[in-house]
Enquirer: 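Here it is, the structure, as structure tokens.
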Amino acid sequence: MTDPKLIRNFSIVAHIDHGKSTLADRLLELTKTVAMRDMHAQMLDDMDLERERGITIKAHAVTCLYTAKDGKTYTLNLIDTPGHVDFTYEVSRSLAACEGAILVVDSTQGVEAQTLANTYLALENGLEVFPVLNKTDLPSSDPEKVLHQIDTVIGLVDTAHSVNVSAKTGENCLEVLERIVECIPHPVGDPAAPLQALVFDCYYDPYRGIVSLIRVMNGTVKAGEQVRFMSNGSEYKVDEIGIFDPKMNKVPELSVGEVGYLVASIKQLVDVKVGDTITHALTHNTKPATEMLKGFKEIQPVVFAGIFPTSSDDFENLRNAMEKLRLNDSSFTYEPETSTALGFGFRCGFLGLLHMEIVQERLEREFDLDLITTAPSVRYHVFLTDGSEVIVDNPSKLPALQKIVRIEEPIIEATILTRTDFVGGLIKLCEERRGLQQKLEYVSTDRVMLVYELPLNEVVLDFYDKLKSISKGYASFDYHMKHYVESDLVKMDILVNGETVDALSILVHRSKSTTLGHALCGKMKEVIHQQMFDVAIQAAIGVKIIARTNVKARRKDVLAKCYGGDVSRKKKLLNKQKEGKKRMKSIGNVEIPQEAFLAILKVDN
Amino acid sequence: MSGLPLQGLSGAGLRNAASAEPLGLYLHVPFCKDRCTYCSFVTTRDQGLQSATVEKLMADLKAWGAALGRPAVDTLYLGGGTPSLLEARELADLTRVLRESFDLSPLEEATLEANPGTVDLSWLEGARALGWDRISFGVQTLDDALLARLGRIHGGAEGLEALDLAAQAGFARRSADLMVGIPGQALDRVLGDARTLASTGLEHMSIYLLDLDKACPLKAEVDAGRAALPTEDEVADAFEGLQAELPALGLEPYEISNYARPGGESRHNLRYWRRRPYLGLGPSAASQLGAFRWTESGVIPAWLEGRGEAEIQELGAAETLAELPLLGLRLHAGVDWEALAVRSDAANLRPLFDAWTAAMDRFEAGGLVVRRGPRRCLTGRGMLLSNGILSTFV
């Protein structure tokens, strides 16, 4: 085993584009963990989606060896975490595997909401945090000002030990390694105690099966041993143990403070839960720990949407794709759903909006499926006249109005950091979305922090894009769930040629229903192309029509050209038209394009 | 009997098909004096290729005539391009080879396409004397400014003059093409042109909608915002205006785009919609015979040298059956649905037919299709929206 005194486990906290992945790349180079010839940008983000969006979706761990100025060789375990608010729980578990964190802030930009949220998460987990001010090679860099912001906004971070770097050029990055050794405490634990290893992520590997990323807190785990996952008591024989350097490399054992992976004959990803504790099974020479490590939670999806294949023939393919994707991402849930409008599909639960987008994009991309996603919904608590309570995450499944006593909706607390010139617009946005202001604070002369209580159902409807557009991108946003409150919500149905399209129903606040109904009808009119027949679009609450519009029928769609002999060409033209329609859903006589099902996201709320 | 001039076709099947009933024969003459701005047909301004093209057409006529065993032909159509650019002697040579290679004894109709800007009386009289008995002029519009915009080489007056000359030359069967949807074209103008043309006593009129789906100079103008196409409503109004007006002038509709005095329908064009066999020779010409359909190469030099690639398709039973309503519904007479049911049963394709019937019932409910006895036909509105209906059959 490695002497825990020579181990440093750390994570990097940063806002998107502040340079987390670039700094990680530099650290891997400087410690010669990755040979220069194998180096590529965003080394740790190996999913295409991660590279394209510049985000980290999955946690990664990599073990580096660094010989410090004191002449000793240290084992540095970098645990790269997702940074997005959707994955707060995962982030907190990754952080729990560390003793310290580097807070990377773009010295040309300053502190953002995501930085703030993740730094607080790190501090809550008792991590030592020191700032690294990045992009000091740029002319607009102002490390002094940013450091001051960190002091004012966060306060608890040790700004005295900050390092100014340019991760892009590599300038001063060696100093970061020294600072890690100096400032971050070494792990402490009892190698002789019963095993307690924290699972901070897991994934499916086509060759090895389920791989759990672990950090040993106490005890030692070896290949061949029988281990127990404490959350559900399931036991497995350990097939392989290893570290990431950065490739998977087998080692005989992992002990106190060490970070690596564990492979056992686990069938499904859902059997491994992030935050779980692995201990030994009771055998003639091992005994289990009595307590789990703190902080374990069963994560719950908060955003729900229907996902349907555009062509009903693809239902089985979609089911297979969902099963396969879940091998990689156990945090999204799905169950079969039938919609009169869209046929067979799945009701899916996601950790948040980004997560929803990622899942949909992966399904379409990795499994080549053409999908229709319905507007996102949240989970409502509905109290019925018979005294019972039902949970509704699909507006079309809301019980009949006369059976409902009241509905409660989830409220979040949102933190927004922005430049002062956008405050007015953002306050207006929050008010329109039924927000209640909790705090308005100047964190420096030109930056403001807004804290609002907002109904989650307002946030899932395009709030984030609006925020970005109002602030021209200069606002960051983070949130956490707060509580459920009673709310005057009504179900708004959309009727197409007199028929309710269940997949278009949404729950809205009564005060906004008329405006929203008009806006939605208008948007639907824009996206539903002219057809062979007139199409009437109506918004209704119960039997009352609150808004209506009409898509006039087409007048002309005809091939009227000379040379009748060229039948093949005519058929090609008709076929091309038909292909276009395949991407649409027929409801009665009406062809409804995919985007109509998300029209609610595009209306000016 | 010699082998087929085109590789990839089955000889025996085609010969049987060609002997079962008289064929239609289409010849494509691919040159023009100037290219119209809306044109996406295979044409060339290089008249240096003219004699070589005529040679090649004659060679192909001989080869096909021999390969199919000098089959009977009852309709002829010389299209283009601008067939009226052929020298009188070239037209005579072509006609002679036609007669030698094919049995023209059942011939009912022999149409020439002509550009009003390229004909004179002696040429027309010569053509008539060779046996060509029907002439179709690409008049398009009688508005000089619009003709200039279309890049036509003739003015409005020449269009009327050409029709008159043809009558003088003895062409009792005359047709004119009228175009709807030209940038700047007003509805009144379309109807006025139709009346003027009808007053010349012609027996046939084709109404084409300008459709810029392929690259052409006019499309570039429109895309660049220098010309604006009439709106869908304006075009539909004009088309419906003609649907109402032309019958009053004695021209009854018989196909989506075609109107004729009783008995004046183009028999050659009818065969396309009735799915009767035809042989097309020339670059980009299409043929349908037996189970095969093919289109010759549209690359003129390659076609000339016999190295162009033809697109050949062998049609299965379902596709063949589907083409009956696909093509037949374009005709005002529509499709005999009971006869189609019988053919579907014979081909063991009843479920397909049932699906079509269900679709037609929906269109009928929407006022796009109507029943007349056993026949199902498109209504006037159905004609204008026919793509959506006909795509049921592709």
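Quick note on labels: first sequence line is chain A, next is B, and so on, each numbered from 1. Scope of the values below: all heavy atoms of this structure, side chains included, with no hydrogens, waters or symmetry mates. In this text the structure is predicted, and so the values were computed from the model without any measurement.
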Enquirer: Do Leu559(A) and Arg330(B) come within less than 4.5 Å of each other through their side chains, counting heavy atoms only?
Expert: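 The answer is yes, as the side chains (C-beta and beyond) meet within the 4.5 Å cut-off.
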
Enquirer: My understanding is that only residues two or more places apart in sequence, or in another chain, count here; which of them pass side-chain hydrogen bond (donor to acceptor under 3.5 Å, both in side chains) with Thr340(A)?
Expert: Asp502(A)

Enquirer: Can you find a pair of side-chain heavy atoms, one from Lys571(A) and one from Glu323(B), that are under 4.5 Å apart?
Expert: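 Heavy-atom side-chain distance check passes, below 4.5 Å.
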
Enquirer: Take a 6.0 Å sphere around CD of Glu499(A) and say whether it holds more than 12 heavy atoms from other residues, nucleotides or ligands.
Expert: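 No.
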
Enquirer: Return the option, out of Gln288(B), Glu240(B), Arg275(B), Met179(B), with the maximum number of heavy-atom pairs under 4.5 Å with chain A.
Expert: Glu240(B)

Enquirer: How many angstroms lie between atom CD1 of Ile312(B) and atom OG of Ser568(A), to the nearest 0.5 angstrom?
Expert: 11.5 Å

Enquirer: Heavy-atom cut-off 4.5 Å, strictly under: side chain, backbone, both or neither for Thr392(B) against chain A?
Expert: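 Only the backbone of Thr392(B) comes within 4.5 Å of chain A.
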
Enquirer: Under a 4.5 Å heavy-atom cut-off, does chain B meet the side chain of Lys572(A), its backbone, both or neither?
Expert: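 When you check distances to chain B, only side chain atoms of Lys572(A) fall under 4.5 Å.
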
Enquirer: Can you name the salt bridge (Lys or Arg N to Asp or Glu O under 4.0 Å) partners of Arg554(A), sequence neighbours left out?
Expert: Asp557(A), Glu232(B)

Enquirer: Are the side chains of Leu385(B) and Lys556(A) in contact, using a 4.5 Å heavy-atom criterion?
Expert: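 Side-chain contact under 4.5 Å: no.
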
Enquirer: Working to the nearest 0.5 angstrom, can you tell me the gap between Asp566(A) CG and Ser284(B) OG?
Expert: 7.5 Å

Enquirer: Check the surroundings of atom NZ in Lys468(A): do more than 12 heavy atoms from other residues, nucleotides or ligands lie under 6.0 Å from it?
Expert: yes

Enquirer: Taking the side chain as every heavy atom from C-beta outward, state whether Leu574(A) and Phe393(B) have any pair of such atoms under 4.5 Å apart.
Expert: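 In short, these two side chains do not touch, never coming nearer than 4.5 Å.
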
Enquirer: Can you say whether Asn258(B) sits under 4.5 Å from chain A via the side chain, the backbone, both, or neither, judging by heavy atoms?
Expert: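 Contact with chain A involves no heavy atom of Asn258(B) at all.
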
Enquirer: How far apart are the closest heavy atoms of Phe363(B) and Met532(A), and which atoms are they?
Expert: CE2-CE, 3.6 Å

Enquirer: So how far is it from Phe533(A) CZ to Arg362(B) CZ, rounded to the nearest 0.5 Å?
Expert: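 Reported to 0.5 Å precision, the distance equals 8.5 Å.
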
Enquirer: Using side-chain heavy atoms (C-beta onward) and a distance below 4.5 Å, is Val558(A) in contact with Ile256(B)?
Expert: yes

Enquirer: Quick check: are there more than 12 heavy atoms from other residues, nucleotides or ligands sitting under 6.0 Å from CD of Glu311(B)?
Expert: no

Enquirer: Can you tell me which of Thr295(B), Ile389(B), Ile207(B) forms the most heavy-atom pairs within a distance under 4.5 Å of chain A?
Expert: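 Counting heavy-atom pairs under 4.5 Å, the top option is Ile389(B).
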
Enquirer: Assess whether atom CD of Glu323(A) is packed by more than 12 heavy atoms of other residues, nucleotides or ligands within 6.0 Å.
Expert: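 Count over threshold, so yes.
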
Enquirer: Would you say Phe344(A) has more than 12 foreign heavy atoms packed within less than 6.0 Å of its CZ?
Expert: no

Enquirer: With only heavy atoms counted, which part of Arg381(B) is less than 4.5 Å from chain A, the side chain, the backbone, both or neither?
Expert: side chain

